[in-house]
Amino acid sequence: MNALGRQAQRSGASTMHQRQYSENFIDASSNGRWLQSAGLQHLQSSNASVPSLQDYGFYGGGGGGGGGGGGGQGSRVYRSMQREFGGGNEFYSEPSTPPLNSRSMGQRKTGEEQVSPSEFSPGLLDLHSLDTELLPEMPVHSLYDSTSMYHSVRGRSFDDSEPYIPANKQAGRARGLPENNLLKSFAADKEKASSVAKIKVVVRKRPLNKKELAKNEDDIITIDSNSLTVHETKLKVDLTEYVEKHEFFFDAVLNEEVSNDEVYRETVEPIVPIIFQRTKATCFAYGQTGSGKTFTMKPLPLKASRDILRLMHHTYRNQGFQLFVSFFEIYGGKLFDLLNDRKKLCMREDGKQQVCIVGLQEYRVSDVETIKELIEKGSATRSTGTTGANEESSRSHAILQLAIKRSVDGNESKPPRVVGKLSFIDLAGSERGADTTDNDKQTRMEGAEINKSLLALKECIRALDNDQGHIPFRGSKLTEVLRDSFVGDSRTVMISCISPNAGSCEHTLNTLRYADRVKSLSKGGNSKKDILSSTLNLKESTNMPLSSVLPVVTTYEDDMTDTWPDQNERDEFDVSEESYEQEKPSWKNGRLEPYHLSHSEDKFRKANGQTKWKEQPKFDTKISHSDDDLNALLQEEEDLVNAHRRQVEETMNIVREEMNLLVEADQPGNQLDDYVSRLNSILSQKAAGIMQLQAHLAHFQKRLKEHNVLVSSYGQ
Ligand SMILES: Nc1ncnc2c1ncn2[C@@H]1O[C@H](COP(=O)(O)OP(=O)(O)OP(=O)(O)O)[C@@H](O)[C@H]1O
């Protein structure tokens, strides 16, 4: 739609997708089968033949290379940790096993691994051996025990000796962010910690980039505390410009000057302690391609790992917690292990509908440098391509998981089981269908798959936050994979990334509407305020009377029920192209004929004059719920056009009435002629506006159809 989306398409064969494979990295066949788990649910029996724990951690001290210049804080922390814990902590007394030459190590087997290769080789699922179920509650000494916590803080700890996060470095902050003081936050009691919002929506605006500055593009986003306004320049029918303001409210809005440290403090830091309490948390970035998702997400896992390790070495010292890292991507609906030469993974479901990622390698880590190295390797292996807005666009969803595990009853011979998990998802850029029309088939299919999964994700978050019985996890691979992070006690942080330039206005509004929906549908917390803000957002954004906006709010209420219209309803609300044909206004005998509502639209009207938009138009019923959801999104746009059309129609009716009154009044002929011709010209302008809106609508419908065809063909 805008120029950005149309630039720099990829040629089909050359495919700028990079398939970079990290040479020298850990061999696919390494590790015991317990490493195969992504930390998903499992059947607990087992254990007799489980291999003993292997530590694939490799320690920054000796290698150093991986850390390179970027070591910075991490190296400092590591050294400090060594100083503090080198003697006492089990993790730091284990032999170093650098991964770069771990191929041979991978073939090493413990006695317990001497089992049928077909049974235990990586890639095969043995549900009985996987630690996929959260560890049942176990007494954890010192957990939220303020005495011991303060003890560790006040004693000589690395926090005292070498704080790695600059104290209160708040330059350029949009608003007061919480201080980074993890251990201090631990002083809060358990209840307080678990009161962290179930879902938090944060928006981050990036600065204008060089390209945008060179084009003299305006920054159209203003931020005030936790509200944000998009200033959209629009054209009236008579081609005069006007600015429409769209105001949104979120849990936090971070301006372009906010650092990644501050983003971490606002988003992930509060949930880190909770994952020691049998909680699974997910943090993901959403937004248009080039809006800063990767920039935002990339540092978060490392910062979180640092805090996790600090907690493990302070508050939970000697309590047997272990940290594991896995990193995989979903590309084109398929899973690839980013820490194992992009080995294709498969997902299986057991009888209890527990999902396991078969063959996924997990690495036990005990220092920041190792994690850093793993993240860098995984990121380099990710599928990227070029979009108009981003030369190195992520074309996959990358999922990095930090799992905290613990041996049952402290028995080290048993495989550790998941206590909690923190998943970081760098989603592929959201794209509008209109931006991909000129792209090659592969790109378009990627776009369709990406959009499908983003919509499925939104649907799941909504359903979860509203405690709905049915969570539509099967909507996409992404949501299937994340199922276990969402069930039970879970937390979700969504970071919506937006570009500030005028050329991205449409994308930005879409991103914010997506975020707004996720937030405003939240049952927990300030639901009243959220509903209000949602209404306000829509009111502002459409510049229409509230009555025209109400149907959209109705959508929200309807959606909360998670019900989908049955087939009959869909049939009844079928919106066919013919119906729009009939709607075109026509001139007859020099007069504009009344603008009839189509039969189908009439059916949307409710007794109170409001329109109910819950019902989806009828589309290919083979398409999954997420596709229905896309339809719903497009339906929203269609609703908007319809609302505008009704507004125009009302204006026309008023004008028509005025004309009739004038004709009836016995005015001098010449004056009347003048007036009538003026009104006629207004009417023809309005008619042109209606035509425009109809073309807009037809365009949406066409796109929707194309998308559905694409998705269904892609799914086959
Ligand atoms: N807050 C920011 N401050 C400075 N530069 C930023 C910021 N956010 C993004 N950028 C820069 O903008 C460019 C695009 O960012 P990034 O690759 O993170 O986008 P993306 O949303 O992940 O895109 P895609 O979905 O295509 O992968 C990068 O060069 C990045 O360094």
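Positions are given from 1, in the same order as the sequence printed here. Only heavy atoms go into these numbers, but all of them, side chains included; no hydrogens, no water, no symmetry mates. We count ligands from 1, going down the list as the structure has it; atoms in each ligand are counted the same way.
- The residue Cys497 has no part lying near ligand 1, judged by heavy-atom distances below 4.0 Å.
- Shown in contact with Arg204 at under 4.0 Å from a heavy atom are these atoms of ligand 1, numbered in order with element: 1 (N).
- The ligand atoms of ligand 1 that sit less than 4.0 angstrom from a heavy atom of Gln288 are 21 (O).
- At a 3.5 angstrom cut-off on N or O pairs, Thr296 does not count as close to ligand 1.
- Counting only N and O atoms by type, the side chains of Glu262 and Ser259 include a donor and acceptor under 3.5 Å apart.
- Under 4.0 Å is where a charged nitrogen must lie from a carboxylate oxygen, and between Asp261 and Lys303 at least one such pair does.
- Applying the salt bridge (Lys or Arg N to Asp or Glu O under 4.0 Å) test to Lys205 and every residue at least two apart in sequence or in another chain returns Asp219, Glu256.
- A donor atom on one side chain and an acceptor atom on the other are not found under 3.5 Å apart for Asp224 and Ser227.
- By the criterion of a heavy-atom distance under 4.0 Å, neither the backbone nor the side chain of Glu256 is placed next to ligand 1.
- Atoms of ligand 1 lying under 4.0 Å from any heavy atom of Gly292, numbered from 1 in the order shown and given with element: 8 (N), 9 (C), 15 (O), 16 (P), 18 (O), 19 (O), 20 (P), 21 (O).
- At least one heavy atom of Gly290 sits less than 4.0 Å from an atom of ligand 1.
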- Message: Could you go through Lys377 and Glu373, starting from their C-alpha distance and side-chain angles, then the distance that decides it, and tell me whether this counts as salt bridge (charged side-chain N to carboxylate O under 4.0 Å, His left out)?
- Response: CA-CA 6 Å; Lys377 291 281 178 189; Glu373 211 165 316; 5.8 Å; no
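- A heavy-atom separation below 4.0 Å is not found between Lys205 and ligand 1.
- Taking every non-hydrogen atom of Pro207 and a distance limit under 4.0 Å, the qualifying atoms of ligand 1 come out as 1 (N), 2 (C), 3 (N), 4 (C).
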